[in-house]
**Q** 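Encoded as structure tokens, here's the structure I'll be asking about.
Since the model is a prediction, treat every value here as computed from it, not as a measurement.
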Amino acid sequence: MQEIFPTTPPRDTLKTEEMLINMGPQHPSTHGVLRLVVRTDGEMVREAWPHIGYLHRCFEKIAETLPYRAVVPYTDRMDYLASMNNNLAFCLAVEKLGGIEVPERAAYLRVIFAELNRIASHLVAFGTYGLDLGAFTPFLYAFREREMILSICEKISGQRMLYHYPRIGGVARDITPEIAGDIRAFLVQMRKAWPEYNDLLSNNQIFIKRTADVGVITASQAIAWGLTGPCLRGSGVKLDMRKAKPYSLYDKFDFEIPVGEGLKGTTGDCWDRYWVRMLEMMESCKIVEQALNGLPEGETMGKVAKVLRLPAGEVYVPCENPRGELGYYIISDGQTQALRVKARGPSFCNLSITREIVRGVLVADVVAIIGAFDIVLGEVDR
């Protein structure tokens, strides 16, 4: 009798078909114009190649055509979520090469606002990571406290994101009693809100299953690929430029360096990178409070020539950006602008390990892995 339906072939003869798909460059979970070319086998990822350059802004070449003071506002636009930190790093490099002394009060103010900006950046990381994995409410909670920081920074600088507050030789203006009161009020609110964040997301079992034991980066891998910041410390490596190479009086303050410990025993997963940022927000609150309590009297701007010419030479100054080691390498030939400027962007370096750790994961896990890097494409494509 003729069979109407063919028999099912044996399991070992079933074949799947690989596909090349694009995630980005217009994609809400790539955190900017990042294109990932993903080779998939069903829901499994065999390989992924990050393609960058869609936001290139020629920062380094522009910096070689402008006077040193005029370069500082351009640093705002690299990592636009951490403008204070970018300003500070470039100013420190210029000041080191030029032998420019910064008043102690200005150095304290730099620390205060750099740490406030670190908290604001980590709040965005917390909120958007929740969005990446399907939780909308944490984003709203995070922006509640972030709004307080933006209001404080607006009062001191006149801008809500691109501040240009640290200047070569000091800061743009002094703090007022009103702003100091706003900062203290924020610290109280932030410490009250932090447990709420953990109730919403950190202790959420769905979130834990999406991040624990996913995208594991060992300590040796993190070092080999040049990872820094929470991506490195999440793998258990206790390295922070504020402690390793203290700058701007950070050696005067008492704070800890959180490292990943592995929620389920595996150190260096997406959970660890997320949790390090959560702990760092509380450490930054401690630094801000100490700096505010110990803020000395004095000037906020040192003596800097109106026409600034740095002596011939070269300098590299690393700083601890919210995303890792941000460093500016400057070569001077004695003119009013740099001969060469190079920026070491932590997001650019952290992104390099993507292809290494996405092999064999689900497509949905790629979103979790990229989100845990907390990249800013303005800095990647600097």
Side-chain angles (χ1 to χ4, degrees), residues 23-24 27-32 34 36 38 40 43-45 48 50 81 119 121-142 193-219 221-222 225 227-237 258-283 322-324 346-347 350-376:
M23 182 182 289
H27 192 287
S29 294
T30 54
H31 292 246
L34 169 68
L36 286 176
V38 185
T40 63
E43 283 291 311
M44 301 302 296
V45 175
L81 295 178
I119 297 170
S121 176
H122 285 346
L123 284 173
V124 174
F126 161 76
T128 55
Y129 201 32
L131 286 179
D132 289 344
L133 302 183
F136 187 77
T137 306
F139 181 81
L140 302 178
Y141 275 62
W194 193 74
E196 295 179 354
Y197 301 157
N198 295 326
D199 290 339
L200 276 171
L201 198 62
S202 306
N203 300 326
N204 186 305
Q205 289 303 308
I206 298 174
F207 178 76
I208 291 172
K209 287 181 179 179
R210 290 293 310 276
T211 56
D213 297 333
V214 174
V216 176
I217 302 174
T218 65
Q221 281 180 311
W225 285 89
L227 271 58
T228 55
C231 290
L232 176 65
R233 293 189 288 274
S235 297
V237 181
V259 295
E261 298 175 356
L263 183 66
K264 293 186 177 180
T266 305
T267 303
D269 55 15
C270 290
W271 161 265
D272 276 333
R273 294 189 280 279
Y274 159 83
W275 186 237
V276 163
R277 294 186 184 95
M278 297 299 292
L279 295 176
E280 282 185 359
M281 287 194 282
M282 289 295 96
E283 295 303 315
R323 281 150 200 84
S347 291
N350 293 344
L351 191 63
S352 65
I353 200 173
T354 303
R355 187 180 177 189
E356 183 75 11
I357 63 171
V358 298
R359 295 188 179 102
V361 304
L362 293 169
V363 172
D365 289 338
V366 174
V367 173
I369 291 169
I370 294 294
F373 288 158
D374 184 31
I375 56 174
V376 169

**Q** Looking at Y129 and A368, what are the two nearest heavy atoms and their distance?
**A**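 Taking every non-hydrogen atom into account, OH-O, 2.8 Å.
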**Q** So which heavy atom on V376 is nearest to which on S347, and how close?
**A**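 That would be N-OG, 3.3 Å.
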**Q** Return the CD1 to CG distance between I370 and N350, rounded to the nearest 0.5 Å.
**A**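 Reported to 0.5 Å precision, the distance equals 11.0 Å.
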**Q** Just by modelled atom types, is the I353 backbone N or O under 3.5 Å from a matching donor or acceptor in the E356 side chain?
**A**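 Side chain of E356 to backbone of I353, a donor-acceptor pair under 3.5 Å: no, none is there.
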**Q** Counting neighbours of CG on L140 that are heavy atoms of other residues, nucleotides or ligands and sit closer than 6.0 Å, is the number greater than 12?
**A**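 Above 12, so yes.
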**Q** Could you walk me through whether H122 and I119 satisfy the side-chain contact (heavy atoms from CB on, under 4.5 Å) test, starting with their C-alpha distance in whole Å, then the side-chain angles of each, then the deciding distance to 0.1 Å, before giving a yes or no?
**A** CA-CA 5 Å; H122 285 346; I119 297 170; 5.8 Å; no
**Q** Is the count of non-hydrogen atoms from other residues, nucleotides or ligands lying under 6.0 Å from E261 atom CD greater than 12?
**A**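 No, because the 6.0 Å sphere around CD of E261 holds 12 heavy atoms or fewer from other groups.
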**Q** Looking at every heavy atom in both G215 and R273, which two are closest together, and how far apart are they?
**A**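 Closest approach of G215 to R273, heavy atoms only: O-NH2, 2.7 Å.
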**Q** With side-chain contact (heavy atoms from CB on, under 4.5 Å) as the criterion, how do I369 and T354 come out once you've worked through the C-alpha distance, each side chain's angles and the decisive distance to 0.1 Å?
**A** CA-CA 8 Å; I369 291 169; T354 303; 5.7 Å; no
**Q** Considering non-hydrogen atoms only, spot the tightest contact between S202 and Y274 and give its length.
**A**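 Of all heavy-atom pairs spanning S202 and Y274, the closest is OG-OH, 2.6 Å.
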**Q** Look up atom CG in D365 and atom CE in M44, then write down how far apart they are to the nearest 0.5 Å.
**A**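 Rounded to the nearest 0.5 Å, the CG-CE separation comes to 8.0 Å.
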**Q** Measure the shortest side-chain to side-chain distance between D199 and N203 over non-hydrogen atoms and say whether it is less than 4.5 angstrom.
**A**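 Yes, side chains in contact.
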**Q** What's the separation between atom CG in L36 and atom OG1 in T30, rounded to the nearest 0.5 Å?
**A**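 The CG atom of L36 sits 7.0 Å away from the OG1 atom of T30.
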**Q** Please report the interatomic distance CG(L263) to CG(D213), rounded to the nearest 0.5 Å.
**A**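 Separation between the atoms: 8.5 Å.
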**Q** Using the salt bridge (charged side-chain N to carboxylate O under 4.0 Å, His left out) criterion, which residues pair with D374? Sequence neighbours excluded.
**A**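 For D374 the salt bridge (charged side-chain N to carboxylate O under 4.0 Å, His left out) partners, ignoring immediate neighbours, are R277, R323.
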**Q** Check whether D272 reaches the backbone of V259 with its side chain - one donor and one acceptor, N or O, closer than 3.5 Å.
**A**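 Checking the backbone N and O of V259 against the side chain of D272, no donor-acceptor pair under 3.5 Å is found.
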**Q** Is V237 close to L227 at the side-chain level, that is, under 4.5 Å between some pair of heavy atoms?
**A**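 Contact flag for L227/V237 side chains = no.
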**Q** Going by side-chain contact (heavy atoms from CB on, under 4.5 Å), name the residues that satisfy it together with L279, two or more places apart in sequence or in a different chain.
**A**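 Expected list: W194, P258, W275.
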**Q** For D132 and G371, which heavy atoms make the closest approach, and how far apart are they?
**A**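 Smallest heavy-atom distance, with atoms named: OD2-CA, 3.6 Å.
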**Q** V366 and V45: which non-hydrogen atoms are nearest, and at how many Å?
**A**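 Smallest heavy-atom distance, with atoms named: CG2-CG2, 3.7 Å.
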**Q** To the nearest 0.5 Å, what is the distance between CG on L123 and OG1 on T128?
**A**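 It is 10.5 Å, given to the nearest 0.5 Å.
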**Q** If you count every heavy atom of other residues, nucleotides or ligands that lies below 6.0 Å from Y197 atom OH, does the total exceed 12?
**A**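 More than 12 within 6.0 Å, yes.
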**Q** Atom SG in C270, atom CD1 in I357: separation rounded to 0.5 Å?
**A**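 C270 SG to I357 CD1: 6.5 Å, rounded to 0.5 Å.
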